[in-house]
Amino acid sequence: MADKPAPNPAAAKPNDGPGPDFVRAVIKEDIATNKHGGRVATRFPPEPNGYLHMGHAKSICLNFGAALEHNGTCNLRFDDTNPVKESTEYVQSIQEDVRWLGFDWQGRLYYASDYFPKLFDFAVELIQKGLAYVDDLSADEIREHRGTLTGPGKNSPYRDRSVEENLNLFMRMRDGEFPDGSRVLRAKIDMAHPNLVMRDPTLYRIRKVRHHRTGDTWCIYPLYDFTHCLSDALEGITHSICTLEFENNRALYDWVLDNVSAPCHPRQYEFARLNLNYTVLSKRKLITLVQEGHVRGWDDPRMPTIKGLRRRGYTPESIRFFCERIGVARRDSTVDMALLEFCVREDLNARVPRVFGVLNPVKVVIENYPEGQTETITAPLHPEDASFGARPVPFSRELYIEREDFMEDPPKKFYRLAPGREVRLRYAYFITCAGVVKDPATGEITEIRCVYDPATKGGDAPDGRKVKATLHWVSASHAVPVEARLYGPLFTVPDPGEGGDFRAHLNPKSLEIPPGAVVEPWLADQPAESGWQFERLGYFCVDKDSAPGRPVFNRTVALKDEWARIQKAGG
RNA sequence: UGGGGCGUCGGCAAGCGGUAAGCCAGCGGGUUUUGGUCCCGUUAUCCGGGGGUUCGAAUCCUCCCGCCCCAGCCA
């Protein structure tokens, strides 16, 4: 990879953005008061039922980041309690993504399924204390008994079974004596509790399904509310950080830990999940996009998944910087995609070499340049950082420039090439437009005729005369054809999730591939994932779909475009 | 209509009784062999609204308004 190495991942932070967030404030306070002996232990607990996306990145940066800042630990724990949805494919990719983002769980890789035996014992303990019972009601009946938001629920007729009967039934549930869905284990709390989560929540259900790790050992599986708090306690977590929608569940988190002989009682803190405009960040919607073929897979560069962003050319640093800058708070918010794009540009600007590519070529013929002659120009790979070195760029009589860099009848503020006007070909020569050749049938310009000034070799005029524009170019006979994949927002509206079918707002132009794109020969066989700046166009990276001599480039993000701004402002 | 949360610049977000940080976006200017980068300047007399407490409030009290979450044997 030609890219510059990143600075120390853990140390890499933007020198701006918001100050410490409320979670870090709590941690700081707890350390000051020696609450856990100064210890900080967090965890990132994904369910292996999908690929990680930017929302997870926020959580990863928070959990790993906050731990790292205090010499603490952060476990990677798979919350794998629902075998019907989970698979090893996901546990694999999640590990890859966390590592790629630059975080290390230092061997503390855990699975909730590893705790199944202990969880079972805790359930037995609850039954023995008269705090849990086996219920024979169906799912529908349980729902009917739950009551409403404003009205209390009703007790199940099975609520007052004896401890012995409950124990007996629960063992037989475990032993597979009853069919799926026929019985559940429920906590005995309060069917009139104002918090619906506390109306005798289900703790265990029967699922005669093979689990990706425990196989057929179990046919009863614990639910989230029972599993998560105990997993945290078993791991000695000090700060259990999750998103706002789990706030109602905190009462149950605490209830379970208070009523069972748990080794400790971690505290749960909730923060607002990330929303990004012009995309969706919900596993359900993302999986729909993949399954219905609206994108080419989980790693489609248009996807807000970690794999998608990676393939698009985003760096781990840019994503981490982004997460630092958006902050962590308790209010719902939607972050502007422009901030994410700013973060990649910032990172790539410093780390990636500059090269020439022409997306929409038009031929330039330099009339006074000898036919058949080629000279090799040595061009810096990074004009602001000599350590990048230089690369050879062939120059000859026929070149390609960007079609948009020429106008026959230019408006006031256009100062690129036009008839009679002189511009600079970067690192090469000044050229002056002498005329154009058009297709007689369509009127389209097929060739721009120019003359060059040999005295301006390198790009400066000895007589000191100036030009207003500098153009990138590629020698026609040396040009390497490429597939350039240009991406736009996945959706046409800022909030595609807002009511109705989000798929109705899919952007038909989210991927465009201009025919005829070419690059300089230096780019013919660069490694996949290497990042480049095509001068004046944007940041690109080599896609894994590349074939030898036929590279495929993804445009990560375009450069800021002052001219586009002027055009837009001018109507 | 129950319970739990949240409302500070166009978008994020600090602030925690002493008189509104920062970032992105926008706008204006400088430098420039990328209309890029970089640099400088500019952008809330005001903190959802009304009352109140106080010498003093975005910060405390109170009422109102708005938004989010909860009725999975999902997480």
Side-chain angles (χ1 to χ4, degrees), chain A residues 14-21 45-47 49 79 81-82 84-85 135 137-140 142-144 146-153 180-186 192-199 201-207 221 223-225 227-228 242-251 270 272 277 283 324-343 345-346 349-350 354 356 383-384 413-416 424-428 430 456 458-460 466-472 494 533-538 558-566:
Chain A
N15 53 2
D16 47 40
D21 54 75
E47 184 189 11
N49 68 342
D79 221 332
T81 58
N82 187 1
V84 316
K85 289 184 175 174
D135 196 347
L137 254 29
S138 69
D140 285 344
I142 286 180
R143 189 184 328 113
E144 284 158 16
R146 188 148 28 227
T148 65
L149 291 178
T150 53
D180 281 13
S182 59
R183 285 179 228 263
V184 293
L185 182 73
R186 292 228 259 169
H193 199 109
N195 179 352
L196 266 48
V197 169
M198 298 296 274
R199 317 248 260 227
T202 303
L203 270 21
Y204 269 89
R205 78 289 220 186
I206 302 172
R207 285 281 178 285
Y221 293 96
L223 277 93
Y224 168 85
D225 287 306
T227 309
H228 201 85
C242 63
T243 43
L244 246 28
E245 66 270 25
F246 289 99
E247 195 161 7
N248 297 319
N249 301 55
R250 190 172 68 226
E270 311 87 12
N277 59 14
K283 278 192 198 171
E324 296 291 341
R325 276 195 258 244
I326 57 176
V328 177
R330 286 178 64 83
R331 86 181 72 110
D332 294 318
S333 62
T334 301
V335 178
D336 197 329
M337 191 60 95
L339 181 58
L340 219 206
E341 296 188 336
F342 168 83
C343 291
R345 284 197 196 99
E346 176 189 51
N349 177 51
R354 316 287 135 123
F356 294 158
E384 273 118 36
K413 288 180 176 168
F414 182 90
Y415 48 82
R416 273 109 96 146
R424 170 167 42 232
L425 291 179
R426 181 155 233 227
Y427 301 133
F430 284 9
T456 58
D460 274 311
K466 302 293 182 194
V467 289
K468 290 197 76 176
T470 300
L471 310 185
H472 61 278
Q533 186 199 92
F534 289 8
E535 291 209 33
R536 305 210 297 135
L537 297 176
L559 255 32
K560 277 196 190 163
D561 190 343
E562 175 77 0
W563 171 235
R565 213 204 86 228
I566 292 167

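The figures that follow rest on heavy atoms only: side chains count, while hydrogens, waters and symmetry mates do not.
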Can a side chain N or O of [X] be found less than 4.0 Å away from OP1 or OP2 on [N]?
X: Lys560(A); N: rA25(B); value: yes
X: Thr148(A); N: rG2(B); value: no
X: Arg565(A); N: rG28(B); value: yes
X: Arg199(A); N: rG3(B); value: no
X: Arg146(A); N: rG72(B); value: yes
X: Arg325(A); N: rC23(B); value: no
X: Arg207(A); N: rC74(B); value: yes
X: Thr81(A); N: rA75(B); value: yes

Nearest-Å distance once atom [atom1] is located in both [N] and [M]:
N: rC63(B); M: rU53(B); atom1: C1'; value: 15 Å
N: rU54(B); M: rU59(B); atom1: C1'; value: 13 Å
N: rG7(B); M: rG49(B); atom1: P; value: 13 Å
N: rA20(B); M: rA57(B); atom1: P; value: 12 Å
N: rU42(B); M: rU19(B); atom1: C1'; value: 23 Å

Quiz item: Do the non-hydrogen side-chain atoms of Leu339(A) and Ile326(A) ever get within less than 4.5 Å of each other?
Solution: yes
Exercise. For residues Asn82(A) and Arg205(A), determine if any side-chain heavy atom of one lies less than 4.5 Å from a side-chain heavy atom of the other.
Key: yes
Report the distance from atom [atom1] of [X] to atom [atom2] of [N], rounded to the nearest whole Å.
X: Arg331(A); N: rG4(B); atom1: CZ; atom2: P; answer: 21 Å
X: Lys468(A); N: rU32(B); atom1: NZ; atom2: C1'; answer: 14 Å
X: Leu244(A); N: rC68(B); atom1: CG; atom2: P; answer: 13 Å
X: Tyr224(A); N: rC73(B); atom1: OH; atom2: C1'; answer: 17 Å
X: Arg345(A); N: rC23(B); atom1: CZ; atom2: P; answer: 17 Å

Quiz item: Do the charged groups of Glu47(A) and Lys85(A) touch, with an N to O distance under 4.0 Å?
Solution: no
Quiz item: What orientation do Phe356(A) and Tyr427(A) show, parallel under 30°, tilted 30 to 60°, or perpendicular over 60°?
Solution: parallel
Practice problem: Assign each of Phe414(A) and Arg330(A) to its nearest nucleotide of RNA chain B by heavy atoms, then name whichever residue's nucleotide is nearer the 5' end. | Solution: Arg330(A)
Quiz prompt | Worked verdict on His472(A) versus Leu537(A) for side chain to side chain contact (heavy atoms under 4.5 Å, CB included) | solution = CA-CA 9 Å; His472(A) 61 278; Leu537(A) 297 176; 3.9 Å; yes
Self-check item: For rG72(B), glycosidic torsion class - syn if within 90° of 0, otherwise anti
Solution: syn
